[in-house]
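No experiment lies behind these values; they were computed from the predicted model shown.
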Amino acid sequence: YLSIYIFLPICMYVCMPACLPLWVCAPGAMRLKVKLKTVFVMYFMVSLLGLMYTLLQLGQHCDCRKDVQSQDRTISRLQGELRSLKARTEPPHPLLPTIYVITPTYARLVQKAELVRLSQALRQVPSLHWVVVEDAPVLSSLVSGVLHAAGLPHTQLCTATPPQLKLHEGDPNWLKPRGAEQRNEGLRWLREQAAAGKLVRGEEGVVYFADDDNTYSLELFEEMRHTQRVSVWPVGLVGAMRLERPLVEGGRVVGFHTGWRPTRPFPMDMAGFAVSLRLVLAHPEAHFDSAAQMGMLESSFLQSLVTLEDLEPRADLCTKVLVWHTRTEKPKMKREEALQKQGLGSDPDIEV
């Protein structure tokens with residue numbers, strides 16, 4: 001600005017007299033000299049006004065927070081995409097079977113918090129592929145963002161639960177089977193990928209159904225990795241008990257410690273078993289029955305795969321708890337709702 005508004009006019013003023021003798025030899029030189037002085041004065045006045053405006057702007061406060069925040073979000077998104085791309089392109093561990101973790105999820109206030117927490121555990125497990133299936137007709141940008149930020153191999157799917165099978169407000173969680181369609185969609189994807197020869201290990205792997213609200217020890221995934229048919233272990237804080245677990249004698253499962261309907265074929269929680277991928281592919285009819293009676297969802301799937309004698313006890317012969325059936329408390333939104341009525345609610349553009 002200084003070079004344009006001050007130094008250039010000064011240079012013109014200094015150089016003009018030196019140039020005038022060349023011009024005065026021509027006809028009409030005096031008129032040309034007057035015109036040049038007029039141009040110089042006009043240019044100087046305009047430059048002076050521009051300089052004053054520039055100096056005034058230098059003293060003004062510039063709120064660049066929105067631009068900085070937008071840049072930070074862009075950088076964060078690109079970093080997440082880079083981690084995800086790196087995870088997808090890195091060759092898998094040459095010796096470890098792949099663990100396919102199928103997680104059903106649905107839109108709610110705590111969904112992102114649950115998925116982020118679970119992703120922090122899964123990203124530390126080698127040779128793992130996360131299959132997240134949304135209970136929705138279309139994929140959501142929220143889940144997509146979490147998956148890209150996690151930086152691990154993943155697949156995002158969606159399928160909506162039929163209205164007649166959905167829980168309504170106030171219904172207890174146990175009233176209807178939940179997540180059956182989503183788990184079946186994950187199984188369908190695995191079978192489809194295997195048939196197309198797109199799985200990195202072929203049929204070598206294990207399938208685990210991990211709900212997004214449970215708590216998982218990293219040790220659990222190494223316990224299940226070399227499952228031959230169906231491996232089992234205890235689950236803590238489930239069924240209104242400290243734990244439920246398979247009972248083991250002589251290295252074999254002979255029954256189950258459970259407080260509710262112990263006569264079920266497989267009275268286990270969904271978090272308490274993993275299945276060999278080879279076994280899943282060998283039984284294309286195996287699926288979760290969305291119309292199963294209360295507490296029979298796990299049995300509806302396992303009955304078509306194994307018998308009690310086929311179960312493989314893990315976690316120190318089912319004496320160690322490595323997964324907990326925790327649940328996040330439903331947030332109370334009374335103050336938020338009150339502020340929204342006043343037009344003062346939280347910014348809806350901020351993803352929570």
Side-chain angles (χ1 to χ4, degrees), residues 99-106 108-122 125 128 130-133 135 161 167 171-183 186 206-224 227 230-248 253 255-262 264-275 288-290 292-302 311 313-331:
I99 299 176
Y100 295 95
V101 175
I102 298 177
T103 299
T105 187
Y106 64 99
R108 60 201 192 277
L109 280 173
V110 298
Q111 182 184 30
K112 184 175 183 179
E114 303 280 32
L115 290 174
V116 168
R117 179 173 56 186
L118 177 55
S119 72
Q120 301 302 306
L122 298 183
V125 182
L128 183 144
W130 195 14
V131 182
V132 178
V133 190
D135 186 353
T161 301
L167 291 172
D171 288 345
N173 292 331
W174 46 261
L175 187 61
K176 297 176 181 178
R178 295 181 298 159
E181 285 77 12
Q182 289 70 45
R183 296 183 182 95
V206 60
V207 182
Y208 182 55
F209 302 98
D211 290 350
D212 60 8
D213 56 352
N214 289 346
T215 303
Y216 304 90
S217 166
L218 296 180
E219 186 180 350
L220 174 69
F221 298 98
E222 299 314 314
E223 289 284 338
M224 72 176 70
T227 297
V230 175
S231 55
V232 295
W233 47 79
V235 178
L237 309 178
V238 64
M241 299 178 61
R242 291 181 61 249
L243 78 158
E244 289 183 344
R245 71 182 186 95
L247 299 174
V248 180
V253 176
F256 297 89
H257 172 68
T258 181
W260 187 76
R261 291 186 65 180
R264 289 174 290 162
F266 294 94
M268 295 188 295
D269 185 76
M270 194 69 67
F273 65 90
V275 184
F288 293 93
D289 184 3
S290 58
Q293 297 180 5
M294 182 172 60
M296 294 291 291
L297 188 60
E298 294 84 355
S299 295
S300 71
F301 175 65
L302 291 174
L311 299 181
R314 300 296 170 88
D316 290 349
L317 296 179
C318 297
T319 60
K320 183 187 294 185
V321 176
L322 300 174
V323 57
W324 296 261
H325 196 276
T326 49
R327 289 178 180 170
T328 301
E329 181 183 10
K330 184 178 180 180

D213 vs T328, side-chain hydrogen bond (donor to acceptor under 3.5 Å, both in side chains): CA-CA, chis, key distance, verdict: CA-CA 7 Å; D213 56 352; T328 301; over 6 Å; no

What is the minimum heavy-atom distance between [X] and [Y], and which atoms define it?
X	Y	result
R261	P267	O-CB, 4.1 Å
L302	V275	CD2-CG2, 4.3 Å
R183	R178	NH1-O, 2.7 Å
P246	V232	CG-CG2, 3.7 Å
L118	A210	CD2-O, 4.4 Å
W130	L115	CH2-O, 3.7 Å

To the nearest 0.5 Å, what is the distance between [atom1] ([X]) and [atom2] ([Y])?
X	Y	atom1	atom2	result
E222	R314	CD	CZ	11.5 Å
L237	L243	CG	CG	8.5 Å
F256	L247	CZ	CG	8.0 Å
R117	T215	CZ	OG1	5.5 Å

Test side chain to side chain contact (heavy atoms under 4.5 Å, CB included) applied to M270 and Y208, F209, F301, the passing residue: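 Checked Y208, F209, F301 against M270; only one passes side chain to side chain contact (heavy atoms under 4.5 Å, CB included): F209.
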
Is there a donor-acceptor pair closer than 3.5 Å between any side-chain N or O of [X] and the backbone N or O of [Y]?
X	Y	value
E244	T258	no
S300	D289	yes
W233	M224	no

Exercise: do E114 and T105 side chains pair donor with acceptor under 3.5 Å: no

Donor on one side chain, acceptor on other, D135 and T161, under 3.5 Å: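 The criterion, which ignores hydrogens and geometry beyond distance, is satisfied for T161 and D135.
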
Salt bridge present between K112 and D212 (N-O < 4.0 angstrom): no

Within 45° cone of F266 ring axis and under 6.0 Å: R264 NZ or CZ: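 Judged by the rule (NZ or CZ under 6.0 Å from the ring centre, within 45° of its axis), R264 is not positioned above F266.
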
Salt bridge (Lys or Arg N to Asp or Glu O under 4.0 Å) between E223 and K320, worked out: CA-CA 11 Å; E223 289 284 338; K320 183 187 294 185; 5.6 Å; no

